[in-house]
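These notes concern the structure reproduced below.
So that the names make sense, note that chain A is the first sequence line, chain B the second, and so on, each numbered from 1.
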Amino acid sequence: MSQTEQTPLSSSHFIRQIVEEDLETKVLGERLITRFPPEPNGYLHIGHAKSICLNFGLAKEYGGVCHLRFDDTNPIKEEAEYVESILEDVRWLGWDWGEHLYYASDYFDTLFAYAEKLIQDGKAYVCDLRPEEIREYRGTLTQPGKDSPFKNRSREENLALFGEMRAGKIEEGARVLRARIDMASPNLNLRDPIMYRILKKPHHRTGDKWCIYPMYDFAHGQSDSIEGITHSICTLEFEDHRPLYDWYLENLGIHHPKQIEFARLNLTYTVMSKRKLLELVEKELVSGWDDPRMPTLSGLRRRGYTPEAIREFCDRIGVAKRNNMIEVSLLEHCLREDLNKRAPRVMAVLRPLRVVLINYPEDTEEALDGINNPEDPSAGTRKVPFSRVLYIERDDFLEEAPRKFFRLAPGREVRLRYGYYITCVEVVKDEESGEVLELRCTYDPATRGGNSPDGRKVKGTIHWVSAKHALEAEARLYDRLFISEFPEKSAEDSSFIDNLNPQSVETVSCFVEPSLAEAEAGSIFQFERLGYFCVDSVDSGKEKLVFNRAVPLRDSWKKIEKQGGGGKK
RNA sequence: UGCCCGAUGGUGUAAUGGUAGCACGGCGGAUUCUGGUUCCGUCUGUCAAGGUUCGAGUCCUUGUCGGGCAGCCA
């Protein structure tokens, strides 16, 4: 057993190395404590999954713990609805925070006391500059800022003023509490950053208790500190904030976790920013945060992605500091890899073409044995009803078929999966339009089950459903939401919205085998030769089955077809 | 023309001064009652120039390119 574990699948990335070293030298204690700190202002997406798996994964791996903490310091943007969805998504992904569920808002009292301490130490002051003035005084990227005229107020005055801010005596925007650092710092975050601002808004957890709220920088590090976090792992854009993170903790003289930054996930053909995802939702360009085309965890779940596939994906993409752009094909690969092992196979016809077996008795039907999962013998077999009239996929018939087309064509023989060999003898067409309406075929009774006693081979096997027994269902064929590989890189005067794929979903009415009648919401099947389909958790029901295509099977025929049509006829 | 970070095949990611490897992807083939799966083969890489060293993807210098930062957002 231990021999199989000698080669860990996940590679050793730089954060793991730092953690390992720190655990060895015990500079931050003996136990690893990480945290995932979402702001409850939107739904979690696949990019968050990277962070979640990193933080929870590391904790699990090294016998530590990972906290789930909501970074809820801005009541204007945050809502309880988001808290609920985030809890659900993290749990669904397979992680357990145990009793370690926290809210930055739980620390508001402590944070307030911390602020008073800095004032007392002459390291913070109340500033009366207006927002525009603060911006002016801050300077620019290349020019230093200048001191606020209020920078040298006495401690007593600052304390009193800060108390008034808290008591609601000051109007919004009139005053802020600032750290007294250095207006000339080349790092703008150190130019006397704002610690507290006045926001006369009720908070989703603290209600009306507060009308001043700490800024991210004044809340995050201290929250980490209070919880005894050892390694505070965040994304690259906070790199410039680290000196401030360190400054607060040092000047407060409290436990000092180590902040480490890594590059966030980017995926081709999708957008990842919460702002853009919100825009898609609000403009009703998608059906909601859980639209199966969204890269949100709720969308992916509804689409048919499994937690296992997502975790595997997060493991494979690695962790580094350089900006990256992961190809969606890797995500799709991880899904197929997982589902191939587990998804029951079933037959469904998306674009039906009627086939009549002219030498098959009218009143007969039989039950054929279908293998539920060739990758998993324990999944067993099922009975699939067969009769004289069937539906096959329109794509599986071509009137003028090239040599490499192994499916049905006039005069050609194919195997019906688990059924008989059939030969197409007649094509019935609409006289006016020329559209193929029906195929008339003969079947070979000796080939029942899919093998011929004379050993003759057929190149192709196609799927089918019995017309009499089939269930009608809806299938939603999803494709990528954007046509462009890099939707955010749109022309100057256009938005990422212009890169939406107009064919990102096609809804078809299809026929599925009767065994699917009792399929539960959220369960996933492989429609043989087509792809993986998930019973929609919102719209599917007893009256009407609705399936979402999570991902199609790889299709090498399509490739041949594109390259040159599979040769001469 | 400030500060910080980064640069390895098409895309990711390893190699921690000592044979540039793995995965996805592409291409070709074998097997197959899913044109799926599986298996085999194959393709392409250390940003540039100097320096240190017996030896540099790795260390140093300079340059180039990419990213982040001027919310009372996180």
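- Within the structure, every pair that satisfies the salt bridge (Lys or Arg N to Asp or Glu O under 4.0 Å) test and touches residues 332-343 of chain A, not counting sequence neighbours, is listed here: Glu308(A)-Arg342(A), Arg316(A)-Glu337(A), Glu332(A)-Arg480(A), Asp338(A)-Arg342(A).
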If a protein heavy atom is under 4.0 Å from the base, mark B; if only from the sugar-phosphate, S; if neither, -; do that for nucleotides 64-71 of chain B going 5' to 3'.
---SBBBS

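- Phe527(A) places its CZ atom 20 Å from the P atom of rG36(B), with the value rounded to the nearest Å.
- Remark: C1' of rU34(B) and CG of Asn451(A) are 15 Å apart, rounded to the nearest angstrom.
- Residue pairs meeting the ring pair (Phe, Tyr, Trp, His ring centres under 6.0 Å) criterion with at least one partner in residues 172-202 of chain A, sequence neighbours excluded, are Phe162(A)-Tyr196(A), Tyr196(A)-Phe218(A).
- If you check the side chains of Tyr125(A) and Asp192(A), you find a donor sitting under 3.5 Å from an acceptor.
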Sort me out a list of protein N/O and nucleotides 20-25 of chain B N/O pairs below 3.5 Å, or just none if empty.
from: rA23(B); atom 1: O2'; to: Arg316(A); atom 2: NH1; distance (Å): 3.1

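- Among the heavy atoms of the strands lying under 4.0 Å from Glu528(A) is at least one base atom, whether or not backbone atoms are also near.
- The interatomic distance linking Lys201(A) (NZ) with rC73(B) (P) rounds to 10 Å, in whole Å.
- Of the candidates rU13(B), rU34(B), rC27(B), the closest approach to any side-chain atom of Lys559(A) belongs to rC27(B).
- With rounding to whole Å, Met325(A) atom CE is found 8 Å from rG12(B) atom P.
- A donor-acceptor contact under 3.5 angstrom links the side chains of Tyr245(A) and Asp224(A), judged on distance only.
- At the heavy-atom level, Ile317(A) lies under 4.0 Å from the strands shown only through sugar-phosphate atoms.
- Remark: Tyr532(A) pairs with no residue by the ring-ring contact (aromatic ring centres under 6.0 Å, His included) rule, at least two apart or across chains.
- Applying the 6.0 Å contact sphere to CD of Glu132(A) captures more than 12 heavy atoms from other residues, nucleotides or ligands.
- Note: CZ (Arg69(A)) to P (rA74(B)) measures 13 Å, nearest angstrom.
- Atom CZ in Arg322(A) sits roughly 13 Å away from atom C1' in rU58(B) (whole-Å rounding).
- Taking the six-membered ring where tryptophan is involved, the planes of His203(A) and Tyr213(A) are essentially parallel, since the angle between them stays under 30° and well short of 60°.
- Nucleotide rA74(B) holds its P atom 13 Å from the CD atom of Gln222(A), rounded to whole Å.
- A stem is defined here as three or more consecutive Watson-Crick or G-U pairs, each with both distances under 3.5 Å; for RNA chain B these stems are B:2-7 with B:64-69, B:10-13 with B:21-24, B:25-30 with B:38-43, B:47-51 with B:59-63.
- For Glu375(A) and rG36(B), a side-chain-to-base donor-acceptor distance below 3.5 Å is present, hydrogens and geometry of angles not being considered.
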